[in-house]
**Student:** 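Have a look at this one.
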Amino acid sequence: MSGFAGHVLALAGGVGGAKLIRGLALQLAPAQLTAAVNTADDFNYLGLDICPDLDSVTYALAGLNDEKRGWGLRDETWRFMAAVERLGGESWFSLGDQDLATHVLRTARLREGASLTEVTGELTRALGISVCVAPMCDQPVRTLVDTGEGQLAFQHYFVARRCEPVVQAFHYRGAQAAQVSTPLADALVRPDLAVVVICPSNPFISIDPMLALPGLRARLEHLPVPVIAVSPIVGGDAIKGPAAKMLRELGLPVSAAGIAQHYGPLLDGYVIDRSDARLAGSLAPLPVHATNTLMRNDGDRADLAGAVLRFAEHVI
Ligand code: GDP
């Protein structure tokens with residue numbers, strides 16, 4: 001435990017974000033942390049409401065995630081998917097047998113009229129998680145990707161087309177009509193809010209959909225507490241996923257500096273990898289802290305979270 005005083009609001013996408021959320025949870029009391037999670041890559045599949053980023057964060061906090069595969073649950077089996085294939089059903093997105101329970105229960109509760117915030121609370125509590133995990137909003141927001149091949153729905157671009165088409169722009173359909181979820185709105189007005197952490201997630205497909213919600217970006221910019229991002233780019237490349245490719249295709253520097261340039265005046269502080277320390281000068285006057293940002297295990301995750309919290313205490 002870090003001894004950090006105050007509340008932490010963390011914004012996260014899936015796997016990269018989930019690692020730092022887990023680190024923060026190891027450093028803070030559960031009541032000190034709100035994890036607001038991207039829902040713009042949610043989709044309906046086989047009649048089920050799938051929320052990949054919420055599930056990644058939930059499974060990581062519960063310690064049930066599969067570290068080797070990088071997504072989904074540990075000790076997973078795949079008999080449901082094999083049966084779907086045998087019956088000639090859609091099978092481009094793999095749902096594990098245990099994971100299926102999450103999607104079935106969530107879909108049933110949503111059909112009954114519960115909000116995604118309520119369902120997420122129920123599922124996380126059932127797994128013994130006391131940290132508040134909140135969807136960014138309760139209304140559907142969907143990422144659309146403008147590419148050289150036309151506009152593609154996010155999962156089509158990401159899974160079916162394996163991020164191959166060149167990206168030109170992103171749209172977050174529904175964002176303007178959505179509202180930040182109640183737990184996210186509550187965290188923003190807490191008198192003890194001490195820092196907002198933008199996790200090392202993909203800025204274009206995990207963080208920007210949140211910033212597109214009405215008023216959120218302006219609220220964050222005017223908060224009297226620091227907004228600190230952790231770079232998802234280490235040594236000129238992404239640890240996983242298309243973040244580096246997207247930076248290149250959008251004409252931004254393929255480095256931690258490109259991410260800072262993209263977030264612009266939103267950031268009050270920036271944590272980059274030690275191997276990128278030489279970039280700090282070029283980022284001035286943005287306060288920069290260089291440390292190990294590769295999170296291979298819980299020790300790394302807790303260390304990085306501790307470093308972010310200590311840095312936050314020195315950034316106004
Ligand atoms: P996704 O929804 O699963 O793609 O997950 P996110 O949007 O949360 O994160 C993807 C980003 O996380 C990628 O750009 C990765 O480079 C970054 N990432 C993954 N693991 C790590 C890590 O251990 N350290 C850092 N700094 N970034 C990471």
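Just follow the structure's listing: the first ligand is 1, and inside any ligand the first atom is 1. Just the heavy atoms: all of them, side chains too, but no hydrogens, waters or symmetry mates, feed the values below.
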**Student:** Identify the heavy atoms of Met295 and Leu304 that sit nearest to each other, and give their distance.
**Tutor:** SD-CD2, 3.7 Å

**Student:** Should the pair Tyr172 and Phe170 be assigned to parallel (<30°), tilted (30 to 60°) or perpendicular (>60°) ring geometry?
**Tutor:**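 Tyr172 and Phe170: parallel rings.
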
**Student:** Going by atom type alone, with no hydrogens or angles, which donor-acceptor pairs under 3.5 Å involve a side-chain atom of residues 258-270 and a protein atom two or more places apart or on another chain?
**Tutor:**
unit_1: His262; atom_1: NE2; unit_2: Asp208; atom_2: OD1; d: 3.3
unit_1: His262; atom_1: NE2; unit_2: Asp208; atom_2: OD2; d: 2.7
unit_1: Asp268; atom_1: OD2; unit_2: Val227; atom_2: N; d: 2.8
unit_1: Tyr270; atom_1: OH; unit_2: Ser231; atom_2: OG; d: 3.4
unit_1: Tyr270; atom_1: OH; unit_2: Ala256; atom_2: O; d: 2.6

**Student:** Sequence neighbours excluded and cut-off under 3.5 Å, please list the side-chain donor-acceptor pairs for residues 25-46, or say none.
**Tutor:**
unit_1: Gln27; atom_1: OE1; unit_2: Ser2; atom_2: N; d: 3.1
unit_1: Gln27; atom_1: NE2; unit_2: Ala302; atom_2: O; d: 2.8
unit_1: Gln32; atom_1: OE1; unit_2: Ala29; atom_2: N; d: 2.9
unit_1: Gln32; atom_1: NE2; unit_2: Phe4; atom_2: O; d: 2.8
unit_1: Gln32; atom_1: NE2; unit_2: Gly6; atom_2: O; d: 3.0
unit_1: Thr34; atom_1: OG1; unit_2: His7; atom_2: NE2; d: 2.7
unit_1: Asn38; atom_1: OD1; unit_2: Ala40; atom_2: N; d: 2.9
unit_1: Asn38; atom_1: ND2; unit_2: Asp53; atom_2: OD2; d: 3.0
unit_1: Asn38; atom_1: ND2; unit_2: Ile205; atom_2: O; d: 3.1
unit_1: Asn44; atom_1: ND2; unit_2: Leu48; atom_2: O; d: 3.4
unit_1: Asn44; atom_1: ND2; unit_2: Asp49; atom_2: OD1; d: 3.2
unit_1: Tyr45; atom_1: OH; unit_2: Glu90; atom_2: O; d: 3.2
unit_1: Tyr45; atom_1: OH; unit_2: Trp92; atom_2: N; d: 3.4
unit_1: Tyr45; atom_1: OH; unit_2: Phe93; atom_2: N; d: 3.2
unit_1: Tyr45; atom_1: OH; unit_2: Phe93; atom_2: O; d: 2.7

**Student:** Just to be sure I understand the cut-off, which residues have at least one non-hydrogen atom under 4.0 angstrom from an atom of ligand 1?
**Tutor:**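 Only Gly13, Gly14, Val15, Gly16, Gly17, Lys19, Asp53, Pro200, Ser201, Asn202, Ser206, Ser231, Pro232, Val234, Ala238, Ile239, Lys240, Ala243, Thr293, Leu294, Met295 have heavy atoms that fall under 4.0 Å of ligand 1, ordered by chain and number.
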
**Student:** Would you tabulate the side-chain donor-acceptor contacts of residues 13-24 under 3.5 Å, counting partners in other chains and residues two or more places apart, or write 'none'?
**Tutor:**
unit_1: Arg22; atom_1: NE; unit_2: Asp298; atom_2: OD1; d: 3.0
unit_1: Arg22; atom_1: NE; unit_2: Asp298; atom_2: OD2; d: 3.2
unit_1: Arg22; atom_1: NH1; unit_2: Ala60; atom_2: O; d: 3.1
unit_1: Arg22; atom_1: NH1; unit_2: Leu61; atom_2: O; d: 3.4
unit_1: Arg22; atom_1: NH2; unit_2: Asp298; atom_2: OD2; d: 2.7

**Student:** Has Glu118 got more than 12 heavy atoms of other residues, nucleotides or ligands less than 6.0 Å from its CD?
**Tutor:**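 Yes - once you tally the heavy atoms of other residues, nucleotides and ligands closer than 6.0 Å, there are more than 12.
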
